[in-house]
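Data block below; observations after.
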Amino acid sequence: MPKDSGIGASSKRREDVRFLTGVGNYTDDINMHGQTYAYFLRSEVAHGKINNLDIADASAMPGVLKIFTADDLTAAGGVPCGWQVTDRFGNPMQEPKHPILAEGKVRHVGDPIACVVAETLEQARDAAEAIELDIEELEAVIDMKAALNDGATKVHDDLDNNLCYDWGFVEENRDAVDEAIKNAHHVTTLELTNNRLVPNPMEPRVAIGDYSRGKDEYTLYTTSQNPHVIRLLMGAFVLSIPEHKLRVVAPDVGGGFGSKIYHYAEEAMVTFASKVVNRPVKWTCSRSEAFVSDAHGRDHVTKIELAMDENHMFTAVRTETYANMGAYLSTFAPSIPTWLHGTLMAGNYKTPLVYVNVKAVFTNTVPVDAYRGAGRPEATYQLERVVDKAARELGVDPAELRRKNFIKPEEFPYQTPVAVVYDTGNYHATLDKGLEMVDYANFDKRVAESKARGKLRGLGIAHFIEACGIAPSNLVGQLGARAGLYESATVRVNATGGLVVMTGSHSHGQGHETSFAQVVADMIGIDENMVEIVHGDTNNAPMGMGTYGSRSIAVGGSAMVRATEKIIAKAKKVASHLLEASEGDIELKDGAFSVAGTDKSITWGEVCLAAYVPHNYPLEDLEPGLEETAFYDPSNFTYPSGAYICEVEVDEETGKVDILGFTAADDFGNVINPMIVEGQVHGGVAQGIGQAMLENTVYDENGQLLTGSYMDYAMPRAADVPNFSVDHSCVTPCTHNPLGVKGCGEAGAIGSPPAVVNAVIDALHRGGHTHVEHIDMPVSPARVWAAINNK
Amino acid sequence: MTKITMTVNGKSYSGEVEGRTLLVNFLRETLSLTGTHVGCDTSQCGACTVHVNGQNVKSCTMFAIEADGADVTTVEGIAAPDGTLSTVQQAFQDYHGLQCGFCTPGMIMTATKLLENNPKPTEHEVREYLEGNICRCTGYHNIVKAIMAASGQEVTPVAAAE
Ligand code: FES
Ligand code: FES
């Protein structure tokens, strides 16, 4: 029987009504009394020396309150990086300063130079145009490998070179891996690019700074996935504002996908400016501006080698990756190609030896950081592509080769050679489920049907693993994180029995207001509508680390469960007093406390009332009130996994690829709201198909972004994606969090790109184009056609 | 500055606008109807879609003065006065056709217009009609499903756990 409420029910989302009727409260919908407008003058060249910046005439223009340049910000810190990676020789990464406004040099198209604050946006923009700016253009560093050549132009003059770090993992295995590859029965090698993407949440970034002179307090309204993190980074590292004087509010946020994790210069600028002009300062990013100022994602160039023995068992994996950092280090950037990528290079397989080398490179491009999946899509893509290629070279079924090398269900918990321990999984089950869903047994018939219509049909399999539920603080601390990655929740029970849960997780499309309420209501046995979820305001929620890395239910949800457990424990004490029974005999079921083995009971509401009107109450033993806070720090990552299978038809004449079907069979552990979970997978798969088929970020050799708008950056549209067939019935619950959940936000974007590309290559091989070993994403008609025809 | 008057969601409004003021800005800034969103600056995303004299219009591509005298409907004018959601809005909730909600106003306006013009579209027609509306969250699967359901056609039910 499908459940109709609580954990496991597809409860309708309560947040929908405000979004459907146009009364959501996104940051740009907020207008403050006396508000002024900020406009940023940005660099139009990728690399240059500022010879002259004269704001005098512009400052005198109508409506202009103040024009800020780096000279106004000498007391402020740079935009901080939250993760320090140590290179394979034990040295810290090279970490350049990231000024709020350019200090003498610009380093990418879009680098902010000055900020105009005026009465209206038009006046601010007009004044920005009147600023006298003389930039001497320098050679742009764009290609990652060229950037590492001796004598290459440096992005940062004060660094040794353009190498942020040269990372090796597991460094002690380096020689053993080399040896295993040398002695292997067969080695499959693949060189590929993980194309650079622009995250493109549909809501562009907005920031409003509001300083109160009367209270000497700052408020920042911002489009963030993690307001507390912004408060911490901006308050402590940039503007030196103590946390009790700084409130950060992230109201309704229109998608993030990683790009709204980071602390951006514009947030610090409007906050700082609001004190100087003593008025609220609002900045709204245009889409064109977003393309050159939001952190980008991916951008890896990789060579991967997979070694096998004569039984086709994987014996070693060796990779060499160049990872683009862009011009500055964004908040999490150094961790993405390292700890969120290298630790996943065992995949679902029992490969005993893995060595991952990553060279992170500075270039004159927009900073690159996490985008949905963050490092894990890059790991999965190369691994699942190379396994597919190996199967073809060995002449075996790609599903069979995977199955043979999978960690077996009885082998969990499984210690991988890349530090992480997978707690649970059943990869055979998800693969079998996926193959059953696509009717793998009859695929050849469909190939024949397509052939009869003159089309080449192909099927691509990928099986992914990800580490999410980020993250155990002590572990990430060792790995270079400059923060803890716990989550917190406060559960406040009101006198009449309703609850307000304040969580440090943030919802920007994930539906926490609904699914979190399902969990708490289920634990107590009351109606979901008695629980309200509050998030997105540092003044309401306790400390929080926010939403990214598919962590909200696994970490934030666990904190909420712990706080609710404390509530229940205290409520039981109250109930035992009221029922005159021993505490150990009190049972909570369906919103009522009863004494085991008797018919004595009391409702949830009566207990709550007694806690706040403590006339008959054990005051000597127990405080009145019913409010508890819990912090939850996970003991391990969670490891969702699943089979992603894509079926395509390729038109040989044009190179056009049609996706006929896309199937995802995931193991997310326990599922709170299946409707929401499936929606997350749909969205992730569409982004993965976008990466595989359409999206690409192209810089020319001068560092000009050629794909800077929706006219040239191909966002997936409704007709570009198929209906998806998704399943999450294979469940191996997570063993180390109270809900047994693993997280589902990124899976779709991780598993889908290799499935698509594998399908295209499969179609070409079945059509006799066996010389095509690889096509880089996006597999556009032009690239497919060229691959077919360039023998 | 030019004085303009238009009917928005059945009510008459007047305001002073500059020649360069876009309809979307007039709606959002002057009338405080912030349900209509701005997602791009190249007329590509459709977050700003409204109905002007019965036609689907991207309000970022029209100057406010061009809408002088027009009859405009925004997402705020779609539900019944008592708050009851329209069939399309209700279907979007029932079939989870929205996540972050930012594209949603445009999707609701476009879907409403589609079903006025073509009450029983095929799924292919729905996908083609949504050409000018970008959603980054949903992968469109449930948007298409919601529109099909709103048209009274059979769709698979939402996911349910056993
Ligand atoms: S804002 Fe009008 S189409 Fe994007
Ligand atoms: S629901 Fe977020 S863009 Fe469509």
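Chain A is the first sequence line, chain B the second, and so forth, proteins listed ahead of strands; every chain is numbered from 1. Basis for what follows: all heavy atoms, side chains included, without hydrogens, waters or symmetry-related copies.
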Chain A contact via His141(B) - which portion, at a heavy-atom distance below 4.5 Å: both
Straight-line distance of Ser43(B) OG to Met711(A) CE, nearest 0.5 Å: 7.5 Å
Contacting region of Ile108(B) [heavy-atom separation from chain A under 4.5 Å]: side chain
Proximal component of Thr42(B), with respect to chain A [non-hydrogen, under 4.5 Å]: both
Which portion of Glu122(A) sits near chain B, non-hydrogen atoms under 4.5 angstrom: both
Heavy-atom contact with chain B under 4.5 Å, split by part of Ile689(A): neither
Where Ala718(A) and Leu130(B) come nearest, the two heavy atoms and their spacing: CB-CB, 3.8 Å
Gly255(A) to Cys100(B) - nearest heavy-atom pair and separation: N-CB, 3.3 Å
Test log, rule side chain to side chain contact (heavy atoms under 4.5 Å, CB included), inputs Glu123(B) and Asn723(A): CA-CA 10 Å; Glu123(B) 195 191 302; Asn723(A) 274 323; 2.8 Å; yes
Residues of residues 17-30 of chain A with any heavy atom under 4.5 Å of a heavy atom in chain B: Val17(A), Phe19(A), Leu20(A), Thr21(A), Gly22(A), Tyr26(A), Asp28(A), Asp29(A)
Heavy-atom donor-acceptor pair, Arg287(A) side chain to Asp41(B) backbone, under 3.5 Å: no
Interchain contact, Phe102(B) with chain A, by part (heavy-atom threshold 4.5 Å): both
Partners meeting salt bridge (charged side-chain N to carboxylate O under 4.0 Å, His left out) with Glu695(A) (sequence neighbours left out): Arg136(B)
Gln44(B) and Arg717(A): side chain donor to acceptor below 3.5 Å: yes
Taking every non-hydrogen atom, the tightest pair across Gly679(A) and Asn142(B): CA-ND2, 4.4 Å
Side chain to side chain, Gln99(B) and Gln510(A), heavy atoms closer than 4.5 Å: no
Considering all heavy atoms, the nearest Asp16(A)-Gln93(B) contact: OD2-CG, 3.5 Å
Interface residue of largest heavy-atom contact number with chain B, from Ala290(A), Ser288(A), Ser709(A), Gly256(A), under 4.5 Å: Ser288(A)
Heavy-atom proximity to chain A below 4.5 Å, by part of Ile134(B): both
Exceeds 12 heavy-atom contacts within 6.0 angstrom, atom CD of Glu131(B): no
Engaged part of Asn31(A) at the chain B interface, taking heavy atoms whose separation is under 4.5 Å: side chain
Between Gly254(A), Gly684(A), Ser729(A), the one whose heavy-atom pairs under 4.5 Å with chain B are most numerous: Gly254(A)
Max heavy-atom pair count under 4.5 Å with chain B, selected residue of Met202(A), Glu289(A), Gln687(A): Met202(A)
Selection from Leu98(B), Val75(B), Thr104(B) maximising heavy-atom pairs under 4.5 Å formed with chain A: Leu98(B)
Toward chain B, the part of Val685(A) with a non-hydrogen atom under 4.5 Å: neither
Closest approach of Met675(A) to Asp94(B) (non-hydrogen atoms, all atoms of both residues): SD-O, 4.4 Å
Shortest non-hydrogen contact between Ser10(A) and Val158(B), atoms and distance: CB-CG2, 4.3 Å
Side chain to side chain contact (heavy atoms under 4.5 Å, CB included) between Glu203(A) and His37(B), intermediate numbers included: CA-CA 8 Å; Glu203(A) 177 203 31; His37(B) 293 158; over 6 Å; no
Whether Tyr140(B) side chain and Pro716(A) backbone form a donor-acceptor pair below 3.5 Å: yes
Any side-chain heavy-atom pair of His682(A) and Thr138(B) under 4.5 Å: no
Distance, nearest 0.5 Å, that separates NZ of Lys12(A) from OH of Tyr95(B): 8.5 Å
Residue Val253(A) versus chain B: region with a heavy atom under 4.5 Å: backbone
Contact leader toward chain A among Gly39(B), Gly35(B), Gly101(B), where contacts are heavy-atom pairs under 4.5 Å: Gly39(B)
Region of Val38(B) that comes under 4.5 Å of a non-hydrogen atom in chain A: backbone
Chain B contacts, top residue of Pro204(A), Ala686(A), Ser507(A) (heavy-atom pairs, under 4.5 Å): Pro204(A)
Which of Arg20(B), Glu18(B), Glu29(B), Glu76(B) touches chain A most, by non-hydrogen pairs under 4.5 Å: Arg20(B)
Option that, when pairs with chain A are counted at under 4.5 Å, heavy atom only, ranks first among Gly139(B), Gly83(B), Ala47(B), Cys103(B): Gly139(B)
Heavy-atom neighbours of Lys11(B) NZ exceed 12 at 6.0 Å: no
